[in-house]
Number of protein chains: 2
Amino acid sequence: MSNDNPKADISNAEFEVLDVLWDDYPATSSDIVERLNQKKPWHDKTVKTLLSRLVKKGVVDFDKAQRQYLYRPLIAREDYTKKEATSFVSRLFKGKVAPLVAGFANQNSLSQQDVDELKALIKQWEQNND
Amino acid sequence: MSNDNPKADISNAEFEVLDVLWDDYPATSSDIVERLNQKKPWHDKTVKTLLSRLVKKGVVDFDKAQRQYLYRPLIAREDYTKKEATSFVSRLFKGKVAPLVAGFANQNSLSQQDVDELKALIKQWEQNND
DNA sequence: TTTTTAAGATTACATGTGTAATCTTTTCTG
DNA sequence: CAGAAAAGATTACACATGTAATCTTAAAAA
């Protein structure tokens, strides 16, 4: 069954499942359980429940392969994270990213690599907006 | 009653209340309701409930002034947003801010001002980490 | 072929959350 | 002073979420 308009929010636990699914798919529920168990000691029944909820919410779908299901995400990780980031920044920082980055900076959570990447982004941006 | 270790998560609705409280405090519940109503059509009973929950969670406290309460936050907005941002970025972007900013950039959500601020942050950072 | 197993479906259940309504008590108002 | 209004406390209630256990069914094993 497919759902063309993914709705509803994805809960924290559901996100963890989606997260490992994004890493590599299609995947069976056992695959997913196994990957999750590298990090979270979740019961396989729990993971199945979360998968079902994701399917019901229209963000994951599956194809049947014998008696197992092969799950795959219906939304791209980048689209999801972009949307979430936008809403997060809008809620907590009035839509401005700089203050968020400032928090990282004054917390010593910025690495040289982060800074290099930010500089590259800025250079790129300036080329497009001269 | 005061609670020295603010625990528990702040829900979305609770955050909205805290958000306007941060804007100016101490404030009575009516003040808060009024400010919120600039944006959200929330019933005053609803706001009271949210305030109570914030108090119970130890993130807001109050002093009695006659029969009204004067509410004030027990945590600073900056501390809260910093913590939330860290956990958000860690969950969705493996802890790296740059990819988050990249999402904004390629979505045309970066303004000249954002870029200026980011450049200033970077300059600052480089001075501290030469 | 009978039995065991394992996949997914269904059910469970406590706690959180959104969204108030009602209750209690204390001050205004007339 | 009696009644109305208003502040906070308590109660309500449906839906979401975390976290599974049980049920059903089909496939694999003996």
Side-chain angles (χ1 to χ4, degrees), chain A residues 1-3 6-21 25-37 39-72 80 84 87 91, chain B residues 1-3 6-21 25-37 39-72 80 84 87 91:
Chain A
M1 187 218 54
S2 98
N3 186 329
K7 267 220 68 157
D9 295 330
I10 294 170
S11 79
N12 288 345
E14 286 158 7
F15 172 77
E16 298 297 332
V17 172
L18 192 48
D19 199 35
V20 306
L21 179 58
Y25 59 86
T28 65
S29 66
S30 327
D31 293 338
I32 295 172
V33 168
E34 200 175 323
R35 287 184 222 161
L36 274 169
N37 283 348
K39 285 288 173 187
K40 321 254 164 182
W42 284 351
H43 199 289
D44 85 317
K45 300 298 188 184
T46 300
V47 178
K48 304 290 198 73
T49 298
L50 295 171
L51 271 170
S52 304
R53 288 181 182 167
L54 285 167
V55 168
K56 180 184 283 179
K57 288 181 178 184
V59 303
V60 162
D61 199 0
F62 58 80
D63 295 300
K64 297 185 187 172
Q66 301 107 238
R67 76 170 144 165
Q68 290 192 134
Y69 289 174
L70 287 177
Y71 294 91
R72 65 192 145 74
Y80 176 77
E84 287 299 299
S87 99
R91 274 169 37 82
Chain B
M1 187 219 55
S2 96
N3 185 330
K7 266 221 69 158
D9 295 330
I10 294 170
S11 78
N12 288 344
E14 285 159 7
F15 172 78
E16 297 297 332
V17 172
L18 192 48
D19 198 37
V20 305
L21 179 58
Y25 58 86
T28 65
S29 65
S30 328
D31 292 340
I32 295 172
V33 169
E34 201 175 324
R35 288 183 222 161
L36 275 170
N37 284 348
K39 286 287 173 187
K40 322 252 164 186
W42 284 350
H43 200 289
D44 86 317
K45 300 298 187 184
T46 300
V47 178
K48 303 292 198 72
T49 298
L50 294 171
L51 271 170
S52 305
R53 289 182 181 167
L54 285 167
V55 169
K56 180 183 283 179
K57 288 181 178 184
V59 303
V60 162
D61 199 0
F62 58 81
D63 296 298
K64 297 186 187 171
Q66 303 108 236
R67 78 169 144 166
Q68 291 190 134
Y69 290 174
L70 286 177
Y71 294 92
R72 66 193 143 75
Y80 176 77
E84 287 299 299
S87 100
R91 275 167 37 81

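The chains referred to below are lettered A, B, ... by the order of the sequence lines, with proteins before strands, and numbering in each begins at 1. Since the structure is predicted, the reported quantities are computational estimates derived from the model, not experimental observations.
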Atom-pair distance (CG on A:Asn12; C1' on C:dT15), nearest Å: 15 Å

Just jot down the side-chain hydrogen bond (donor to acceptor under 3.5 Å, both in side chains) partners of B:Ser52, sequence neighbours excluded, or say none. none

Residues in side-chain hydrogen bond (donor to acceptor under 3.5 Å, both in side chains) with B:Ser30, at least two apart? none

When the side chains of residues 43-50 of chain A are checked against the rest of the protein, which donor-acceptor pairs come out under 3.5 Å, sequence neighbours left out?
residue: A:His43; atom: ND1; partner: A:Lys45; partner atom: N; Å: 3.1
residue: A:Thr49; atom: OG1; partner: A:Lys45; partner atom: O; Å: 3.0

Polar atoms only, N or O, under 3.5 Å: list the protein pairs with nucleotides 23-30 of chain C and their distances.
residue: C:dT26; atom: O2; partner: B:Arg67; partner atom: NH1; Å: 3.4

How bent is the helix from C:dT1-D:dA30 to C:dG30-D:dC1, measuring the angle between the end axes built from five pairs each, rounded to 10°? 20°

Tell me every residue that passes salt bridge (Lys or Arg N to Asp or Glu O under 4.0 Å) with [X], counting only those two or more places apart in sequence or in another chain.
X: B:Glu84; value: none
X: B:Arg91; value: A:Glu16
X: B:Asp19; value: B:Arg77
X: A:Arg53; value: none

Can you list the residues that meet the side chain to side chain contact (heavy atoms under 4.5 Å, CB included) rule with B:Tyr69, with sequence neighbours excluded? B:Phe62, B:Lys64, B:Tyr71

A:Phe15 meets the ring pair (Phe, Tyr, Trp, His ring centres under 6.0 Å) criterion, sequence neighbours left out, with A:Tyr80

5' to 3' contact window, DNA chain D with chain A (heavy-atom distance under 4.0 Å): D:dT17 to D:dA27

